[in-house]
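A quick note: this is a predicted structure, and the numbers were derived from the prediction, not measured. Computed over heavy atoms, backbone and side chain alike; hydrogens, waters and symmetry mates excluded. The chains referred to below are lettered A, B, ... by the order of the sequence lines, with proteins before strands, and numbering in each begins at 1.
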2 protein chains.
Amino acid sequence: MRKGEATRERILDIAQASVLEKGFGATSIEEIIAAAGITKSGFFYHFRDKNELAYALLNRYVTEDMRILDEVFGRAADLCDDPLQSFLVGLKLLAEVFADLPGGHPGCMIASVCYQERLFDRRVIELNRTAVVAMNARFRSYLEAIAAVYPPREPLDLDTLAEMISCIIDGGIIMSKVMGDPNRLVRQILAYRALIKQHFSPPQEMASRPPPLAA
Amino acid sequence: MRKGEATRERILDIAQASVLEKGFGATSIEEIIAAAGITKSGFFYHFRDKNELAYALLNRYVTEDMRILDEVFGRAADLCDDPLQSFLVGLKLLAEVFADLPGGHPGCMIASVCYQERLFDRRVIELNRTAVVAMNARFRSYLEAIAAVYPPREPLDLDTLAEMISCIIDGGIIMSKVMGDPNRLVRQILAYRALIKQHFSPPQEMASRPPPLAA
DNA sequence: CCGAAAACTGGACCGATGGTAGGGTTTTTA
DNA sequence: TAAAAACCCTACCATCGGTCCAGTTTTCGG
């Protein structure tokens with residue numbers, strides 16, 4: 001039971017790296033089992049077919065992603081009460097997490113699945129959608145708390161602003177990979193942070209006044 | 001000569017749709033020739049191997065992309081002299097272009113290639129990088145013209161802000177595809193536009209004054 | 001309208017791959 | 001110590017990328 005778990009995780013590690021480098025369709029089971037040091041039968045003992053591997057891969061990825069976000073924005077909430085400051089701290093911590101990844105971010109499984117939709121069954125597609133919806137809802141709740149205290153100068157749809165984080169991250173990962181520079185992603189997150197800060201900041205002539213109290 | 005061009009384009013159309021739906025590795029030559037109504041020999045008459053197909057696909061995509069940007073931001077430059085207003089108009093026009101795509105944006109070849117790097121040879125990878133560099137340089141030049149007239153309140157790296165457009169578009173496409181709603185991409189571009197507008201706008205107490213003259 | 005180049009067709013073949021099936025063997029754990 | 005878990009071995013099949021080569025039709029410039 002314990003041994004099986006370890007092998008399963010090893011398969012997932014190897015498969016994930018390959019999928020993010022070559023795509024799911026081009027990831028062969030043969031190369032996975034060769035790298036994992038098992039036989040084909042061993043592989044099919046853990047996964048009924050390739051689609052079950054895909055589901056397990058994506059599921060593990062989004063679970064880990066949510067865990068990281070919980071941790072980062074949880075710590076940020078501990079550090080300060082003001083929703084805007086807390087969110088800004090969270091974004092900075094998130095940028096640090098990405099900056100500390102050795103070799104940069106390996107790629108987003110959600111994006112990878114999205115660009116190979118027709119390869120997967122409905123369960124995988126649905127899991128992908130659900131994960132994105134959950135992420136958008138999370139950031140939307142943060143922004144709602146901010147907007148309640150700091151009314152933005154120009155009205156901007158909070159849903160769109162919440163989705164923008166995912167877009168920035170996915171786009172930033174692509175930019176980093178294409179340019180061969182992991183720092184591009186970090187800079188994008190910090191730029192988003194700066195723009196959010198500006199958007200919710202009181203106009204300049206009030207800059208010297210103390211911030212409003214949290215509700 | 002003309003007939004050959006037409007067939008070649010048809011192959012590229014079919015291949016592009018398949019690549020954006022299933023990935024390059026899972027796109028089989030057999031299905032391409034079946035859909036195109038030609039034989040395998042006919043395919044290899046036009047493309048030496050699959051990698052040459054990949055190069056042609058990507059090359060056609062980035063060329064068309066640049067043409068659209070030239071057109072959109074060229075028209076925007078015609079419509080107004082002020083660099084900020086011109087840029088904002090361009091972004092709105094770009095959003096309209098995406099909104100008018102029937103069935104939404106089919107996907108970005110650059111992102112697709114990025115997520116299947118190991119499948120392609122150096123020429124393809126290099127073309128991908130070059131295209132992104134060119135796009136970043138284009139938007140950076142627009143932003144430079146703006147910053148020269150409207151000094152931003154908080155200093156924000158123009159390169160990062162320029163790259164942000166590509167990130168927003170690539171991320172917006174993914175968001176649109178995953179959510180099954182083409183409008184997500186449009187909203188992201190308009191949100192970027194609003195944030196840029198805010199970033200380069202003079203502080204509120206000067207809002208009623210006329211904008212500065214262009215250099 | 002003709003001839004040459006362009007644009008294909010047809011078929012045979014190879015090695016590798018994804019995936020299936022089923023019967024064995026070792027390892028772990030309760 | 002026995003059963004359940006975690007594998008291994010072998011054989012097999014259809015598909016795919018890719019090659020080769022010999023033919024045939026289509027197109028178009030002169």
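- Looking at B:Glu71 and B:Arg75, no side-chain N of the basic residue comes within less than 4.0 Å of a carboxylate O on the acidic one, giving no salt bridge.
- Between B:His46 and C:dC8 there is a side-chain N or O to OP1 or OP2 distance below 4.0 Å.
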Just the table, please: protein N/O against nucleotides 19-23 of chain C N/O, every pair under 3.5 Å.
{"from": "C:dG19", "atom 1": "N7", "to": "A:Lys40", "atom 2": "NZ", "distance (Å)": "2.8"}
{"from": "C:dG19", "atom 1": "O6", "to": "A:Lys40", "atom 2": "NZ", "distance (Å)": "3.3"}

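- Contact of the B:Ile169 side chain with the B:Leu94 side chain is registered, since non-hydrogen atoms from C-beta on lie closer than 4.5 Å.
- Look at A:Glu144 and A:Arg140 and you find a salt bridge, because one of the NZ, NE, NH1 or NH2 atoms lies within 4.0 Å of a carboxylate O, short of that distance.
- The existence of a salt bridge linking B:Glu64 and B:Arg67 is confirmed by a sub-4.0 Å separation between a basic side-chain nitrogen and an acidic carboxylate oxygen.
- Between B:Glu31 and B:Ala26, the closest heavy-atom pair is OE2-O, 3.7 Å.
- Atom C1' of nucleotide D:dT26 and atom CD1 of B:Ile38 are separated by 15 Å, given to the nearest angstrom.
- For the pair A:Arg8 CZ and D:dC7 P, the computed distance is 12 Å after rounding to whole Å.
- B:Leu53 has its CG atom 15 Å from the C1' atom of D:dC16, to the nearest Å.
- For the side-chain contact (heavy atoms from CB on, under 4.5 Å) test, residues two or more places apart in sequence or in another chain that qualify with A:Asn136 are A:Val132, A:Glu163, A:Ser166, B:Met175.
- Atom-to-atom, CZ of A:Phe43 to C1' of C:dT17 comes out at 13 Å; the value is rounded to the nearest Å.
- Taking side-chain N and O atoms only, A:Thr7 has no distance below 4.0 Å to OP1 or OP2 of D:dA6.
- Counting to the nearest Å, the P atom of C:dT17 and the CG atom of B:Leu119 are 14 Å from each other.
- At whole-Å resolution of the value, CD in B:Glu52 and C1' in D:dG18 are 14 Å apart.
- With D:dG17, C:dC8, D:dA5 as the candidates, the nucleotide lying closest to the side chain of A:Tyr45 is D:dA5.
- Atom CZ in B:Phe24 sits roughly 11 Å away from atom C1' in D:dG17 (whole-Å rounding).
- With salt bridges taken as basic N to acidic carboxylate O contacts below 4.0 Å, none links B:Asp121 and B:Lys50.
- Within 4.0 Å of B:Ser28, counting heavy atoms only, lie sugar-phosphate atoms of the nucleic acid but no base atom.
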